[in-house]
Each structure stands twice: as C-alpha cells, then as structure tokens.
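Not measured: the values here are computed from a predicted model. We count ligands from 1, going down the list as the structure has it; atoms in each ligand are counted the same way. Along the sequence shown, the residues carry numbers beginning at 1.
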Amino acid sequence: KLEILEFPDPRLRTVAKPVEKVDDELRKLIDDMFETMYDAPGIGLAASQVNVHIRLIVMDLSEDKSEPRVFINPEITPLTDDTAPYEEGCLSVPGFYEKVERPARVRIKALDRDGNTFEEEADELLATCIQHEIDHLDGKLFVDYVSRLKRDRIRKKLEKIHRQRA
Ligand SMILES: O=C(O)C[C@@H](Cc1ccccc1)[C@H](O)SCc1ccccc1
Ligand SMILES: [Zn+2]
C-alpha cells in the first residue's frame with residue numbers, strides 16, 4: 001500500500017509531468033495505486049496523491065471492484081456550459097465534504113495501461129471524478145473551490161490531527 005499525502009502538504013501542489021513510457025514499471029505503480037485506492041476506500045486516485053508527480057489516474061466507479069480504469073496523460077474538454085453540483089470528498093482531505101460545481105459533460109482523451117489512445121464522453125459521476133482527479137495532477141484540490149474562510153478552517157483542523165499523530 002502507498003501513503004496518501006494529506007492537505008495542506010505542499011507536495012500536493014506539484015504540477016505532474018506527462019508520462020514518457022508506458023512500461024512494466026509504470027504498470028507496477030498502477031497496480032499499487034489500485035490496491036491503495038480500494039483499501040482507502042475510494043473511487044479514484046491520482047499519482048500526485050501518493051507523491052508520484054506524473055500524469056496518471058486510476059478509477060473504479062463500480063460497487064464491486066469490477067470496472068478498473070486507467071487514464072494516462074488525460075486531456076478533457078467540456079462539452080457543455082451546464083455545470084452539475086456534487087458533494088465532493090477527497091482521500092487527501094479526509095472527513096470533509098463540500099459542494100463543488102463542475103462542467104456536466106466532458107470529452108476525455110487518454111492512454112490506457114497498454115499505452116493505447118482512447119477517447120470517451122463522460123457525464124454524471126465519471127465527469128465529476130475525472131475532473132477532480134485531473135485537478136490533482138495540476139496541484140489543485142476541491143477545497144480551492146470553497147471560501148478561504150472554509151478552507152482555513154479545514155486546514156487548521158487537519159493540522160491539529162497531524163500534530164496529534166506520533
Ligand atoms: O481523488 C480522491 O481523493 C478520491 C475521491 C474521488 C472523488 C471525489 C469527488 C467525487 C467523486 C470522486 C473520493 O474520495 S473517492 C470516495 C468517494 C466515494 C464515492 C463517491 C464520492 C467519493
Ligand atoms: Zn481527491
């Protein structure tokens with residue numbers, strides 16, 4: 001299992017670099033990220049969250065771990081000006097949930113775990129999750145979309161918890 005960085009760790013603000021080679025070493029990291037995500041549990045995980053600053057996301061929106069998805073060097077394009085709200089959480093901001101508005105439908109272009117390019121249109125939870133994860137690759141967190149007052153309260157609470165840890 002890999003350690004998940006927690007807000008306000010400054011390493012979460014790193015902008016991830018494109019993946020150069022989709023090889024067995026990368027696939028080992030992908031498998032370790034799935035193990036970490038399922039154990040958390042979560043439905044998405046960006047490499048940035050495990051302190052590996054490359055443009056790699058793993059995701060599984062299914063109820064029974066039956067639909068693992070890999071997005072390498074993902075690019076998204078909004079397909080509508082409509083936005084959809086979602087009560088977002090984050091494995092890097094444990095215990096806090098805030099409403100975030102994001103484009104309701106997006107086009108995703110990425111490489112899969114074999115290095116093949118694929119494209120798909122996403123709405124609902126897939127649209128929300130892929131945008132949340134790509135934000136991680138750009139050093140952004142969902143708490144950046146709430147007021148500074150709210151963000152500071154969340155930061156202070158998590159800093160207190162981190163101080164109480166050994
Ligand atoms: O990136 C992460 O930290 C994992 C996120 C992914 C996510 C955030 C907001 C909305 C959708 C997905 C979550 O912590 S995974 C936990 C979870 C489970 C079901 C629904 C929403 C969030
Ligand atoms: Zn997150």
Side-chain angles (χ1 to χ4, degrees), residues 1-17 19 26 29-76 78-80 82-108 110 112-113 120-147 150-155 157-159 161-162 165:
K1 232 170 48 189
L2 305 170
E3 188 187 338
I4 296 176
L5 300 178
E6 295 187 357
F7 176 70
D9 190 319
R11 292 172 292 181
L12 284 167
R13 297 310 188 171
T14 309
V15 176
K17 289 186 170 38
V19 167
L26 187 77
L29 171 62
I30 288 169
D31 294 344
D32 291 345
M33 283 176 64
F34 271 114
E35 182 196 21
T36 303
M37 181 188 78
Y38 288 133
D39 176 76
I43 58 174
L45 188 69
S48 313
Q49 294 179 271
V50 293
N51 201 28
V52 179
H53 302 289
I54 60 173
R55 302 188 79 79
L56 166 61
I57 291 163
V58 299
M59 193 185 299
D60 187 333
L61 305 182
S62 74
E63 300 291 319
D64 57 355
K65 303 185 185 180
S66 61
E67 289 167 39
R69 298 158 176 262
V70 176
F71 299 88
I72 298 168
N73 300 336
E75 297 163 15
I76 55 169
L79 291 175
T80 169
D82 295 342
T83 63
Y86 196 94
E87 191 79 6
E88 297 195 11
C90 182
L91 298 175
S92 296
V93 189
F96 297 90
Y97 298 85
E98 294 291 343
K99 192 179 86 157
V100 178
E101 293 274 350
R102 296 185 190 269
R105 264 163 42 79
V106 296
R107 183 158 193 76
I108 308 167
D112 63 17
R113 65 181 294 137
E120 68 176 299
E121 293 193 2
D123 57 10
E124 309 279 331
L125 186 54
L126 178 55
T128 295
C129 188
I130 193 65
Q131 293 179 83
H132 175 107
E133 301 306 339
I134 289 178
D135 270 357
H136 276 299
L137 301 182
D138 293 332
K140 289 171 73 174
L141 299 170
F142 82 96
V143 294
D144 300 339
Y145 297 96
V146 304
S147 67
K150 266 192 183 180
R151 186 164 52 256
D152 283 351
R153 282 185 185 147
I154 293 169
R155 180 171 51 75
K157 285 180 184 164
L158 282 174
E159 284 173 340
I161 293 167
H162 295 153
R165 279 184 197 161

**Prompt:** At the 4.0 Å heavy-atom cut-off, does His136 count as touching ligand 1?
**Reply:** yes
**Item:** His132-ligand 1 polar pair, N/O distance under 3.5 Å
**Value:** yes
**Prompt:** Any idea which atoms of ligand 1 are less than 4.0 Å away from a heavy-atom of Cys90?
**Reply:** 3 (O), 14 (O)
**Message:** If you take the nearest heavy atom of each of Gly89, Pro41, Ala127, which one is closest to atom 8 (C) of ligand 1?
**Reply:** Gly89
**Item:** Member of Lys150, Arg153, Arg151 meeting the salt bridge (charged side-chain N to carboxylate O under 4.0 Å, His left out) criterion with Glu98
**Value:** Lys150
**Request:** Starting from atom 4 (C) of ligand 1, find the nearest protein heavy-atom neighbour and note its residue, name and distance.
**Result:** Gly44 O, 3.1 Å
**Request:** Evaluate the criterion salt bridge (Lys or Arg N to Asp or Glu O under 4.0 Å) for residue pair Glu133 and Arg69; output intermediate values, then yes/no.
**Result:** CA-CA 13 Å; Glu133 301 306 339; Arg69 298 158 176 262; over 6 Å; no
**Message:** Within the 3.5 Å criterion, strictly below it, is a donor on Asp138 or His136 matched to an acceptor on the partner's side chain?
**Reply:** no
**Expected output: side-chain Arg55 to main-chain Val19 donor-acceptor under 3.5 Å** = no
**Message:** Atom CD of residue position Glu124 - does it have more than 12 heavy atoms of other residues, nucleotides or ligands inside 6.0 Å?
**Reply:** no
**Prompt:** Distance-only, no hydrogens or angles: does the Asp39 side chain make a donor-acceptor pair with backbone N or O of Thr36 under 3.5 Å?
**Reply:** no
**Prompt:** Is the shortest N/O to N/O distance between Ser92 and ligand 1 below 3.5 Å?
**Reply:** no
**Request:** For Gln49, counting its heavy atoms only, list the atoms of ligand 1 lying under 4.0 Å from any of them.
**Result:** 1 (O), 2 (C), 3 (O)
**Message:** Please list the nearest protein heavy atom to atom 17 (C) of ligand 1 with its residue and the distance rounded to 0.1 Å.
**Reply:** Ile43 CG1, 4.0 Å
**Message:** Do Ile72 and Leu26 have side chains that approach each other closer than 4.5 Å (heavy atoms only, starting at C-beta)?
**Reply:** yes
**Request:** Starting from atom 21 (C) of ligand 1, find the nearest protein heavy-atom neighbour and note its residue, name and distance.
**Result:** Tyr86 OH, 3.7 Å
**Residue, atom name and distance, where the atom is the protein heavy atom closest to atom 3 (O) of ligand 1** = Leu91 N, 2.7 Å
**Request:** Verify the neighbour count for atom CD of Glu87: are there more than 12 heavy atoms of other residues, nucleotides or ligands below 6.0 Å?
**Result:** yes
**Request:** Please calculate the NE2(His132)-the Zn ion (ligand 2)-NE2(His136) angle and round it to 10 degrees.
**Result:** 100°
**Request:** For atom 6 (C) of ligand 1, grab the closest protein heavy atom and report residue, atom and distance to one decimal in Å.
**Result:** Glu133 OE2, 3.3 Å
